[in-house]
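Predicted, not measured: the structure shown is a model, and the values here were computed from it. Throughout, a chain's letter reflects where its sequence line sits, starting with A, and its residues are numbered from 1.
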There are 4 protein chains.
Amino acid sequence: MLNRKKPSRWQRRADARPQELLDAALAEFVERGYAATRLDAVARRAGVAKGTLYRYYENKFELFKAVVRHALVPGFDEVAQRQHEQPSGARARLVLMLTTFMERVAGSALSGIPKLVIAEAGNFPEVARFYYEEVISRARDMVAGTLREGVATGEFRAIDADYAWRIVVAPLLMSILWRHSFAAFEAEPLDLRHHLEVHLDLLFDGLAADGTDTERT
Amino acid sequence: MLNRKKPSRWQRRADARPQELLDAALAEFVERGYAATRLDAVARRAGVAKGTLYRYYENKFELFKAVVRHALVPGFDEVAQRQHEQPSGARARLVLMLTTFMERVAGSALSGIPKLVIAEAGNFPEVARFYYEEVISRARDMVAGTLREGVATGEFRAIDADYAWRIVVAPLLMSILWRHSFAAFEAEPLDLRHHLEVHLDLLFDGLAADGTDTERT
Amino acid sequence: MLNRKKPSRWQRRADARPQELLDAALAEFVERGYAATRLDAVARRAGVAKGTLYRYYENKFELFKAVVRHALVPGFDEVAQRQHEQPSGARARLVLMLTTFMERVAGSALSGIPKLVIAEAGNFPEVARFYYEEVISRARDMVAGTLREGVATGEFRAIDADYAWRIVVAPLLMSILWRHSFAAFEAEPLDLRHHLEVHLDLLFDGLAADGTDTERT
Amino acid sequence: MLNRKKPSRWQRRADARPQELLDAALAEFVERGYAATRLDAVARRAGVAKGTLYRYYENKFELFKAVVRHALVPGFDEVAQRQHEQPSGARARLVLMLTTFMERVAGSALSGIPKLVIAEAGNFPEVARFYYEEVISRARDMVAGTLREGVATGEFRAIDADYAWRIVVAPLLMSILWRHSFAAFEAEPLDLRHHLEVHLDLLFDGLAADGTDTERT
DNA sequence: AATGAATGAGCGTTCATTCAT
DNA sequence: TATGAATGAACGCTCATTCAT
């Protein structure tokens with residue numbers, strides 16, 4: 001670090017900059033949370049001076065929003081794309097949806113984003129709202145829509161899709177938070193694939209052994 | 001300050017003051033998160049001067065840990081107590097467990113604690129570890145234990161309890177985070193009771209309409 | 001400075017502080033102008049740490065306003081007081097008014113205030129407005145009122161008091177600005193007393209030699 | 001940048017660019033004061049990049065001085081010119097002098113210069129000195145000279161020209177500062193022409209009604 | 001000559017922490 | 001034990017200045 005005679009104090013690379021800054025900022029925000037992230041650290045990580053950040057983002061909050069926005073677009077594109085190539089059937093669609101999300105978000109560095117948003121929701125309602133409107137509402141529509149579809153076709157039992165969608169999604173959220181908060185304290189890491197399998201198994205067929213399911217709460 | 005001569009045996013325990021501080025701190029931490037909580041505000045809320053805090057807690061972090069520690073005791077006492085009065089059967093025990101948790105934590109001010117721990121886990125691994133060891137591991141043992149029991153008795157289908165327990169618990173976590181992060185943006189508040197009902201319904205009987213459950217992922 | 005083992009790091013003197021801070025701030029503001037004044041310097045001058053300023057004044061601007069306000073009250077009290085003990089006659093009152101102002105403001109450290117306000121009026125319209133409403137409007141009322149009175153009693157020629165008051169006051173302003181801006185470049189300092197004498201002489205009797213005053217512009 | 005081969009003899013003088021820069025800088029300095037003026041804004045206003053400024057002026061201060069210097073030339077040329085066409089008589093010359101100044105400076109955008117210099121005199125004694133030597137001393141010589149002349153010819157009463165010249169000039173200064181600092185808070189703008197009329201009226205004939213002028217201070 | 005990306009010192013402000021009372 | 005005035009390090013942000021292009 002010290003021994004690396006900077007190739008030149010003036011690197012001009014306005015084109016690559018924004019992406020580098022966003023990467024650095026994502027990493028810092030995810031590592032430390034919004035408030036604890038110092039712009040100095042972001043800049044250092046990106047290899048620029050603090051002031052440089054301000055050429056690209058007006059302030060910390062704008063940078064933060066840019067990071068969130070940026071990190072989520074590809075994920076959603078991915079999900080949307082996959083929805084086209086998929087087989088029919090509500091169940092199959094649900095499986096694909098959850099699988100895609102698990103692969104693209106929960107299992108990647110992007111998982112830091114939901115974690116971050118949840119952590120900072122209290123302090124930055126604006127961010128939470130942004131996330132709610134841009135991300136959550138879409139996820140809700142996708143999942144609840146598929147649930148309703150399945151119910152309509154008789155594939156699924158009659159359930160309240162408005163509430164069930166959160167139940168369906170909850171294990172994904174759990175996996176994200178687990179990895180960010182508690183996985184470190186366990187000997188074995190969480191096997192996301194297996195986690196999803198168990199979830200899907202339970203989701204479709206339930207806990208109850210056959211014959212027990214007559215009795216409902 | 002006041003000339004009270006007789007602390008006598010009626011004086012409040014030395015612990016009394018800390019309790020007020022902890023209450024105030026809990027409220028502030030939950031409202032604002034760790035970093036954004038100002039000790040000034042905690043002190044004001046507790047009706048003492050800022051310096052007084054330092055008589056009881058060495059610094060902000062120690063206070064934080066004390067708050068988390070303290071807030072969890074009653075919750076677990078409650079759950080442990082109820083476990084005795086409960087009916088037999090894995091399913092009934094699971095229902096009771098989840099219901100108790102929903103009532104005592106998710107639906108109360110205590111829900112701020114898990115929210116807080118998750119939010120700050122990145123910055124304070126120590127707290128996360130503490131929470132993991134004191135709270136999560138117990139919850140895991142209770143839930144996974146009951147699952148294994150149910151599988152053993154044939155009440156439940158054969159599932160991997162080591163993974164399934166998180167799935168079972170996830171909707172509770174979801175409800176907590178939802179209320180703290182996104183509920184504000186929706187017209188209707190989340191009905192915790194209904195949320196739990198739907199969860200239990202799905203949990204035991206699954207989504208699949210009867211006859212469909214042959215095909216597994 | 002270095003050799004003065006601070007008598008104790010903690011000087012508690014909340015009562016004296018505000019005045020000391022205002023004195024230091026007045027000096028700095030007057031010396032450097034608003035924008036160029038660094039709160040660090042104000043604090044150092046007052047012998048406190050920078051943060052201490054914020055116990056007393058919410059921000060730089062509030063400090064500035066406090067300084068201005070504080071510096072002007074005594075001056076105006078003085079003028080108001082003297083108005084009572086004075087002899088009758090518009091001319092005598094005008095003389096007293098201008099003399100008092102010259103002594104109490106133009107000739108004292110307070111002269112920094114008008115100078116400062118004028119200098120910063122562009123950047124801080126709020127301050128200018130404050131000064132206009134608190135100070136200038138009073139001065140205008142006093143002077144213009146006396147002019148009208150003199151015209152009414154026949155002591156003064158008929159002049160437009162709404163415009164004349166500024167003419168009457170202008171040499172006072174001039175003396176203030178002169179001392180702050182250009183006096184340093186002259187061998188002899190401006191003799192305020194003489195300046196006022198010449199002003200009063202011209203003001204009452206004009207430049208024109210007797211017999212010439214028939215011809216008016 | 002563009003491939004212009006023939007600067008030829010029609011190209012603008014090298015000075016042309018500086019003129020645009022000076023105009024832009026004058027406007028900004030006058031609008032905001034020295035400290036608050038951003039070179040970015042100056043550059044943008046002049047239609048060049050920020051770095052370009054540094055081709056012509058070593059730093060902000062040099063630019064500032066150049067602006068002041070530059071802005072004063074035309075004004076003085078004007079006054080000097082008019083001095084030739086003028087009628088005889090000290091009074092007439094004084095009237096012309098003040099009228100010219102009022103029209104050419106106080107009533108124009110140039111009024112920003114004195115305002116600026118006065119405002120920044122504390123921070124930039126160098127500028128104040130420059131202004132004093134280039135502008136004020138000439139004004140003083142002109143006015144005081146005319147006063148002495150009038151006294152010598154018996155047109156004026158015997159007054160101390162060394163002090164009276166400032167009194168004579170003060171209302172002009174007042175009008176400039178008024179317009180820049182306080183005019184905005186009044187319903188009606190200051191009528192410069194009327195202001196000057198009242199000034200001249202008082203200046204030559206004084207306030208005192210005929211017959212009162214026996215009594216002098 | 002001109003550009004504008006990059007720099008970094010500097011300032012206003014905040015707040016956890018200290019300590020004389 | 002309790003107070004709250006005082007501290008000072010730290011951070012977000014600005015902008016004059018530099019320099020590779």
Side-chain angles (χ1 to χ4, degrees), chain A residues 6-17 35-43 46-63, chain B residues 1-2 7 14 17 35-44 47-61 63, chain C residues 6-17 35-43 46-61 63, chain D residues 1-2 4 7 14 17 35-44 47-61 63:
Chain A
K6 353 187 178 181
S8 130
R9 194 162 140 225
W10 302 93
Q11 289 283 1
R12 186 197 287 253
R13 28 191 311 166
D15 39 349
R17 277 284 180 260
T37 290
R38 292 180 288 119
L39 293 189
D40 227 5
V42 172
V48 299
K50 193 163 47 157
T52 302
L53 279 175
Y54 287 83
R55 289 203 68 72
Y56 297 94
Y57 304 99
E58 240 178 43
N59 53 44
K60 192 183 185 179
F61 188 40
E62 289 303 318
L63 173 62
Chain B
M1 195 145 258
L2 283 165
R17 173 51 62 83
T37 290
R38 288 179 288 126
L39 293 190
D40 230 5
V42 172
R44 199 161 36 247
V48 300
K50 193 159 53 152
T52 304
L53 280 175
Y54 285 82
R55 299 236 134 252
Y56 296 94
Y57 304 99
E58 231 177 55
N59 54 42
K60 192 183 185 180
F61 187 37
L63 172 63
Chain C
K6 353 186 178 182
S8 130
R9 193 161 142 225
W10 301 93
Q11 289 283 2
R12 186 198 286 254
R13 26 193 313 167
D15 40 348
R17 277 285 180 260
T37 289
R38 292 181 286 120
L39 293 189
D40 227 4
V42 172
V48 299
K50 193 162 49 154
T52 301
L53 279 175
Y54 286 82
R55 289 203 67 73
Y56 298 94
Y57 304 98
E58 238 178 45
N59 54 43
K60 192 183 186 180
F61 188 41
L63 173 62
Chain D
M1 197 141 254
L2 283 165
R4 24 184 170 94
R17 175 50 64 84
T37 290
R38 287 180 288 125
L39 294 190
D40 231 5
V42 172
R44 197 160 39 247
V48 300
K50 192 158 55 152
T52 304
L53 280 174
Y54 285 82
R55 299 237 134 251
Y56 296 94
Y57 304 99
E58 232 178 52
N59 54 41
K60 193 183 186 181
F61 187 37
L63 172 63

Of the listed nucleotides dT13(E), dA16(E), dC13(F), the one nearest the side chain of Arg38(B):
dA16(E)
Taking the minimum atom-to-atom distance to the side chain of Lys50(A), which one of dC13(F), dA6(F), dT17(E) wins?
dC13(F)
Between [N] atom [atom2] and [X] atom [atom1], what is the distance in whole Å?
{"X": "Lys60(A)", "N": "dA10(F)", "atom1": "NZ", "atom2": "P", "answer": "15 Å"}
{"X": "Leu39(B)", "N": "dG4(F)", "atom1": "CG", "atom2": "P", "answer": "16 Å"}
{"X": "Glu58(A)", "N": "dC13(F)", "atom1": "CD", "atom2": "P", "answer": "10 Å"}
{"X": "Leu53(C)", "N": "dA6(F)", "atom1": "CG", "atom2": "C1'", "answer": "11 Å"}
{"X": "Arg44(B)", "N": "dG4(F)", "atom1": "CZ", "atom2": "P", "answer": "12 Å"}
{"X": "Asp40(D)", "N": "dA6(E)", "atom1": "CG", "atom2": "C1'", "answer": "13 Å"}
{"X": "Tyr54(D)", "N": "dA2(E)", "atom1": "OH", "atom2": "P", "answer": "16 Å"}
{"X": "Leu63(A)", "N": "dC13(F)", "atom1": "CG", "atom2": "C1'", "answer": "13 Å"}

Under 4.0 Å between any heavy atoms, over every strand shown, what does Arg55(D) touch: base, sugar-phosphate, or nothing? Just pick one.
base
Would you mind pulling out the nucleotide paired to dT21(F), Watson-Crick or G-U wobble, both distances under 3.5 Å?
dA2(E)
Look through every strand shown and name the nucleotide pairing with dC13(F) as Watson-Crick or G-U wobble, where both distances are under 3.5 Å.
dG10(E)
Is there a side-chain contact between Leu39(C) and Tyr54(C), using heavy atoms and a 4.5 Å cut-off?
yes
In the structure I gave you, are the side-chain heavy atoms of Val42(A) and Arg38(A) within less than 4.5 Å of one another anywhere?
no
Taking atom CD of Glu58(C) as the centre, report whether more than 12 heavy atoms of other residues, nucleotides or ligands fall under 6.0 Å from it.
no
Between Lys60(C) and Thr37(C) (side chain of the first, backbone of the second, donor and acceptor by atom type, cut-off under 3.5 Å), is there such a pair?
yes
Phosphate-side-chain proximity, Thr52(C) and dA5(F), N/O vs OP1/OP2 below 4.0 Å:
no
If you pin Ala49(B) and Phe61(A) to their nearest nucleotides in DNA chain F, which one's is more 5'?
Ala49(B)
Heavy atoms of Ala35(A) and Ala35(B) approach each other most closely as CB-CB, 4.0 Å
Where each residue is assigned the nucleotide of DNA chain E containing its nearest heavy atom, which of Ala35(C) and Gly51(A) is assigned the position nearer the 5′ end?
Gly51(A)
